[in-house]
Amino acid sequence: QEKEFNPNSTVQLRTLLFDYAGLKPSKKTPTGAPSTDAEVLKKLADEHEIPKHILSIRQKSKIKNTYLDKILPQLDSDDRLRTGFNIHSTTSGRLSSSGKMNMQQIPRDNPIVKGCIRAKEGNKIVAMDLTTAEVYVAAVLSNDKNLQGVFKEGGDFHGSIAKLVFNLKCKGEEVAKYYPTQRQAAKAVTFGIMYGAGAHKISEQVTKDSGEPFSKHDAQVVIDGYFKQFNKLKLWIDRSSKFIEENGFIYSYFGRKRRLPNVKSDNRGIRGHEVRSGLNFLVQSVASDINLLGAIDAHNMLKEVPFKADIFALVHDSILAEVEEDAIDAYKVLIRECVQKDRGLSIPGCPVGCDFDVGEDYSFGKFAKEYDI
DNA sequence: ATGTTAGGCCAC
DNA sequence: AAACGTGGCCTAACAT
Ligand SMILES: [Mn+2]
């Protein structure tokens with residue numbers, strides 16, 4: 001009573017929710033303390049009015065403190081913000097970004113923040129994004145013809161996967177409509193496999209994404225069906241795991257080395273983590289290098305071309321640039337050529353997919369639509 | 001006053 | 001839950 005409360009303090013919030021208000025903790029932090037993260041707060045929102053206010057404050061302060069308040073004070077004299085890209089700061093060969101702003105963690109669905117990144121007069125922002133790049137890499141490395149076949153077909157990728165795994169009778173394009181849960185499950189397994197997730201994690205993920213309970217057993221059934229359908233993918237994972245466990249290192253297709261000494265740990269959990277790191281490295285590193293090598297080639301080619309286009313950021317599987325309006329089509333052709341170039345890692349006749357967004361700013365029209373009229 | 005850790009959360 | 005991979009930034013709380 002009468003005491004100050006700081007909603008940004010997890011320590012104080014724990015006391016308020018679990019001691020004073022009598023709410024029940026549902027999850028613990030790594031150190032054993034009761035968690036107050038968004039997942040916990042959402043559950044508690046039905047029983048008390050405090051959690052939803054905390055969620056609201058967290059969301060707003062995140063945007064304000066991390067992004068909006070960082071822009072104006074850090075602009076150069078030309079009203080541009082210049083931040084850093086680090087090439088030697090990850091174990092996978094990805095870039096990272098830091099300094100005045102991390103350009104690789106701009107909120108995906110926030111047009112207010114993204115709308116601040118604008119092209120100059122007569123130019124547009126052009127963003128290229130590789131489509132399911134890591135899965136494409138896995139399909140090539142494992143030489144799984146069924147998985148490669150899904151890329152060759154084209155269309156709704158996760159829908160096609162679901163159709164195969166669940167033996168659905170409708171057309172691939174109709175899966176999203178008639179079997180949304182199956183599609184969600186297939187999607188979760190696809191990405192889960194890239195991270196080495198187990199049935200438990202995948203069931204949690206599908207439950208969260210679909211809003212309907214999806215049991216661990218259901219998840220295991222999907223995983224089994226998945227690996228039955230994509231048998232060579234499974235064999236490749238097992239083969240790679242064995243190599244990692246026996247050698248304590250692994251090389252990517254492009255020659256990057258990941259050292260994994262903890263495969264010899266006494267701790268089963270640590271050993272498991274090390275193997276998952278190695279497996280993920282194989283796809284994450286190569287997918288990133290396809291984007292990076294493509295961007296480097298494009299940058300060099302852009303010097304020799306009669307139009308102006310400046311690449312200003314790389315976000316793991318995407319290339320952002322400011323491009324003269326008249327040159328956008330030519331720029332797209334050039335970028336596509338660079339990222340789809342055969343570097344020895346392509347599905348024959350089916351290069352990795354890429355798509356483009358074009359707009360005045362990085363929100364691609366959403367900011368103007370919602371706030372500008 | 002400065003440095004480190006914990007918890008949380010943003011991205012791919 | 002070392003369990004689902006790779007990063008960086010923010011605040012509070014604690015340590016030097
Ligand atoms: Mn993508």
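All values below come from the heavy atoms of this structure, side chains included, with hydrogens, waters and symmetry mates left out.
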Report yes if a side-chain nitrogen or oxygen of A/Arg276 is closer than 4.0 Å to either non-bridging phosphate oxygen (OP1 or OP2) of C/dA2; otherwise report no.
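Negative; the distance criterion is not met.
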Answer with base, sugar-phosphate or nothing: what part of the nucleic acid does [X] contact at a heavy-atom distance below 4.0 Å?
X        : result
A/Gly196 : sugar-phosphate
A/Arg58  : sugar-phosphate
A/Ser288 : nothing
A/Ala38  : sugar-phosphate
A/Asn267 : nothing
A/Leu95  : nothing
A/Thr36  : sugar-phosphate

State, without any angle test, whether [X] and [Y] hold a side-chain donor-acceptor pair at a distance under 3.5 Å.
X        : Y        : answer
A/Ser35  : A/Thr29  : no
A/Lys145 : A/Asn143 : yes
A/Ser98  : A/Asn86  : yes

Find the distance [X]:[atom1] to [N]:[atom2] and express it as a whole number of Å.
X        : N      : atom1 : atom2 : answer
A/Glu39  : B/dC10 : CD    : P     : 13 Å
A/Gln205 : C/dC4  : CD    : C1'   : 9 Å
A/Leu260 : C/dG5  : CG    : C1'   : 12 Å
A/Glu245 : C/dA2  : CD    : C1'   : 15 Å
A/Tyr67  : B/dC10 : OH    : P     : 7 Å
A/Leu55  : B/dG8  : CG    : P     : 12 Å
A/Ile250 : C/dG5  : CD1   : P     : 16 Å
A/Ile237 : C/dG5  : CD1   : P     : 14 Å

A/Asp37 side-chain proximity, nearest of C/dA3, B/dG7, B/dC9:
B/dC9
Paired with A/Ile319, the side-chain contact (heavy atoms from CB on, under 4.5 Å) test is passed by just one of A/Leu130, A/Leu292, A/Leu314, namely A/Leu314
[X] atom [atom1]: more than 12 heavy-atom contacts under 6.0 Å:
X        : atom1 : value
A/Lys366 : NZ    : no
A/Asp326 : CG    : no
A/Lys341 : NZ    : yes

Which heavy atom in A/Ala185 sits nearest to a heavy atom in A/Phe214, and how many Å separate them?
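Heavy atoms of A/Ala185 and A/Phe214 come nearest at CB-CZ, 3.8 Å.
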Would you kindly check if the NZ (Lys) or CZ (Arg) of A/Lys257 is within the cone defined by 45 degrees around the ring axis of A/Phe249 and under 6.0 Å from the six-membered ring centre?
yes
Quick one: list whatever passes salt bridge (Lys or Arg N to Asp or Glu O under 4.0 Å) with A/Arg256, sequence neighbours left out.
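In terms of salt bridge (Lys or Arg N to Asp or Glu O under 4.0 Å), with neighbours along the sequence ignored, A/Arg256 is linked to A/Asp289.
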In 5'-to-3' order, the base (B), backbone-only (S) or no-contact (-) status of each nucleotide in nucleotides 6-16 of chain C, using a 4.0 angstrom heavy-atom cut-off, is BBBSSSSS---
Suppose you measure atom P in B/dA6 against the same atom in C/dA1; what distance do you get, rounded to whole Å?
15 Å
If I pick the C1' atom on B/dT5 and the same atom on C/dC4, what distance separates them, to the nearest angstrom?
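To the nearest whole Å, 23 Å.
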In short, the helix from B/dA1-C/dT16 to B/dC12-C/dG5 is bent end to end, axes from five pairs each side, to 10°, by 10°
